[in-house]
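Here is how names work: the chains are called A, B, and so on, in the same order as the sequence lines, proteins then strands, and each is numbered from 1.
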Amino acid sequence: MSLHHPAPISHHPGEELLLAYAGGGADEAVSLIVAAHLAYCAACRRRSRELEALGGCLLQELAPVPMASGALDAALLKLDGIKPFERPARQASGDCTPSVLRPYIGGDLRDVRWRQVGPNLSYVPLFRRGAIRARLLRGVPGSETGAHRHAGLEYTLVLKGGFSDETGSYAPGDLQVMEGDMRHSPVADPGEDCINLAVTTGPLKFESLLQKIVAPLFGF
Amino acid sequence: MLAYARIRPFPRRKPALRLNLPMMPQAQELNALLGRVAEMRDQAAFAALFAHFAPRIKAYLLRLGAPPALAEDLAQEALLSLWRKAHLFDPAKASAATWLFTIARNLRIDTIRRERRPELEPADFMPEAELAADDGLALADDEARLRAALKDLPADQIQVVELSFFADKPHSEIAAQLDIPLGTVKSRLRLAMARLKRIMGEAS
Ligand SMILES: [Zn+2]
């Protein structure tokens, strides 16, 4: 099952973010969200390959540091025992879930066991490294996340449905990056549930008192 | 100049096919060597690739702060990965150097950072605008041009491009390390990228 979406992608990662992914400097959560965007976006896939080619050139230009004597002989002795790599056969996704996400979800999006945060919002934590968290968020059509700012960066990739806020409208494959003090209040578009992959590098700072109290309980 | 010009024959092995290698292997020669490994499990070709790439991958890992013994082990491991995965190499998609770069990059993320590297799988999307059969050659030319273009960049731009690949830290930390404002790092990077893009664009 492939992810060829008819809707054009209009929100892409910036050059810097693609460079961090291609160069290997981005952490796992940011790499995951960029890779998931690439699953939808041919233009960024091409650009990311060009940036990898830049990495290849830099590798070529590096002043070689000699290997220990005997390193090649040691490698040659191992060759006969090495079997060619076989890509593990994977079952195709039943609902167009990008395959890069599936090991983190443990299956397809439709198999996710959501945790309810309110009547309209649910989420699933995927993983956490220090202050960086990756989660799936789901909002029913019309649901509001509540106006907030960010202590760090917030990356949001739409997987299903869509949402809109002060900065524009986001459809599947679109990636939004909110920095530090940018304020926004996303609302899920009408139609189907909006499912997003979200990566945050610091807690969200909500404006409403209730959310200020409740959000930390859920780790937001 | 290059180590593999003086590789001695390996002991207890059938005589290796003699390759007529130039002193400095360029993209196409490296691709051809990789093709020989994939198709014939050619150990002489492997030895040539090892001589060329292992010391560069070691240098790459050292630049990223790996201790010397680990850099040595991982460079060795990267070349064994090449032997294991050579049949997956597609010269229409990447040059040999680019492919090796991605192997080294991912190996470092796996073993040194102990993180998973989220990678795309071909199953995810439709094949793009079909790559022509001679795209491998075009890519090899691109690599030569890109390397020349890189050398032509002003030193301060080369520095930020290199650090994006060899520093393993966000641009904000690169800025702190260089003691320049983040905005300057970003603008140098943008200038460098625009220039490289223009040169590559003119080429194609
Ligand atoms: Zn894109």
Side-chain angles (χ1 to χ4, degrees), chain A residues 1-4 15-16 19-20 22-28 31-36 38-40 42 45-46 49-68 71-76 78-79 82-85 87 90 92-93 98-101 103-104 129, chain B residues 7 10 43 46-47 50-51 54-60 62-63 72 75-76 79-80 83-85 87-88 93-95 97-98 100-102 104-105 108-109 115-121 123-126 128 142-143 146-147 150 161-162 164-165 167-171 186 189-190 193 196 200:
Chain A
M1 178 96 36
S2 51
L3 284 171
H4 48 122
E15 181 92 351
E16 244 185 282
L19 193 55
D27 58 72
E28 184 171 353
S31 297
L32 175 64
I33 207 163
V34 173
L38 297 185
Y40 293 86
R45 280 204 294 281
R46 204 172 314 119
R49 275 212 296 270
E50 286 169 6
L51 293 173
E52 284 180 342
L54 191 54
C57 287
L58 290 168
L59 182 67
Q60 291 279 61
E61 295 298 333
L62 275 176
V65 175
M67 295 287 283
L72 173 59
D73 290 338
L76 288 169
K78 290 184 182 157
L79 296 186
I82 294 177
K83 290 202 173 60
F85 175 81
R87 244 184 243 288
R90 295 240 170 82
S93 165
S99 58
V100 71
L101 268 176
Y104 292 91
R129 302 247 190 285
Chain B
I7 287 170
F10 348 110
Q43 298 202 356
F46 174 82
F50 190 101
R56 284 175 171 79
I57 292 174
K58 185 173 174 182
Y60 164 75
L62 289 171
R63 277 288 289 270
E72 170 88 20
Q76 178 96 348
L79 270 292
L80 294 176
W83 180 258
R84 194 177 296 120
K85 294 182 174 174
H87 58 290
L88 301 177
K93 288 211 176 104
S95 70
T98 299
L100 262 291
F101 163 71
T102 61
R105 174 197 66 193
R108 189 185 70 84
I109 292 172
E115 290 189 352
R116 268 196 279 189
R117 165 76 187 180
E119 282 279 9
L120 286 184
E121 287 185 28
D124 260 347
F125 35 81
M126 307 297 282
E128 287 140 66
D142 280 357
E143 186 177 307
L146 194 52
R147 285 175 73 180
L150 257 180
V161 170
E162 278 194 351
S164 301
F165 285 88
D168 201 16
K169 48 178 81 157
H171 289 111
K186 290 188 179 183
L189 207 52
R190 259 197 303 275
M193 288 306 170
L196 293 175
M200 299 316 287

Name the option with the most non-hydrogen atom pairs under 4.5 Å to chain B; the candidates are [options].
options: A:A53, A:G55, A:P103; answer: A:G55
options: A:L101, A:V34, A:D27; answer: A:D27
options: A:G24, A:A63, A:G25; answer: A:G24

So, taking the atom named [atom1] in [X] and the one named [atom2] in [Y], what distance separates them when rounded to the nearest 0.5 Å?
X: B:F101; Y: B:Y60; atom1: CZ; atom2: OH; value: 4.5 Å
X: B:L79; Y: B:L100; atom1: CG; atom2: CG; value: 6.5 Å
X: B:E72; Y: B:L62; atom1: CD; atom2: CG; value: 9.5 Å
X: A:R49; Y: B:T102; atom1: CZ; atom2: OG1; value: 12.0 Å
X: B:Q43; Y: B:F50; atom1: CD; atom2: CZ; value: 13.0 Å

Interchain contact, [X] with chain B, by part (heavy-atom threshold 4.5 Å):
X: A:L51; value: both
X: A:E52; value: both
X: A:P66; value: backbone
X: A:A26; value: backbone
X: A:A71; value: both

When B:I109, B:L80, B:L88 are compared by non-hydrogen pairs under 4.5 Å with chain A, the top option:
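The candidate making the most pairs under 4.5 Å is B:L80.
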Most contacts with chain A, counted as non-hydrogen pairs under 4.5 angstrom, among B:R108, B:R117, B:R190
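Highest number of heavy-atom pairs under 4.5 Å: B:R117.
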Under the side chain to side chain contact (heavy atoms under 4.5 Å, CB included) test, residues paired with A:E16 that sit two or more places apart
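Partners of A:E16 by the side chain to side chain contact (heavy atoms under 4.5 Å, CB included) criterion, ordered by chain and then number, come out as B:H171, B:K186, B:L189.
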Over all atoms of both residues, closest heavy-atom pair of B:A59 and A:V65:
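In terms of heavy atoms, the two residues are closest at CB-CG2, 3.7 Å.
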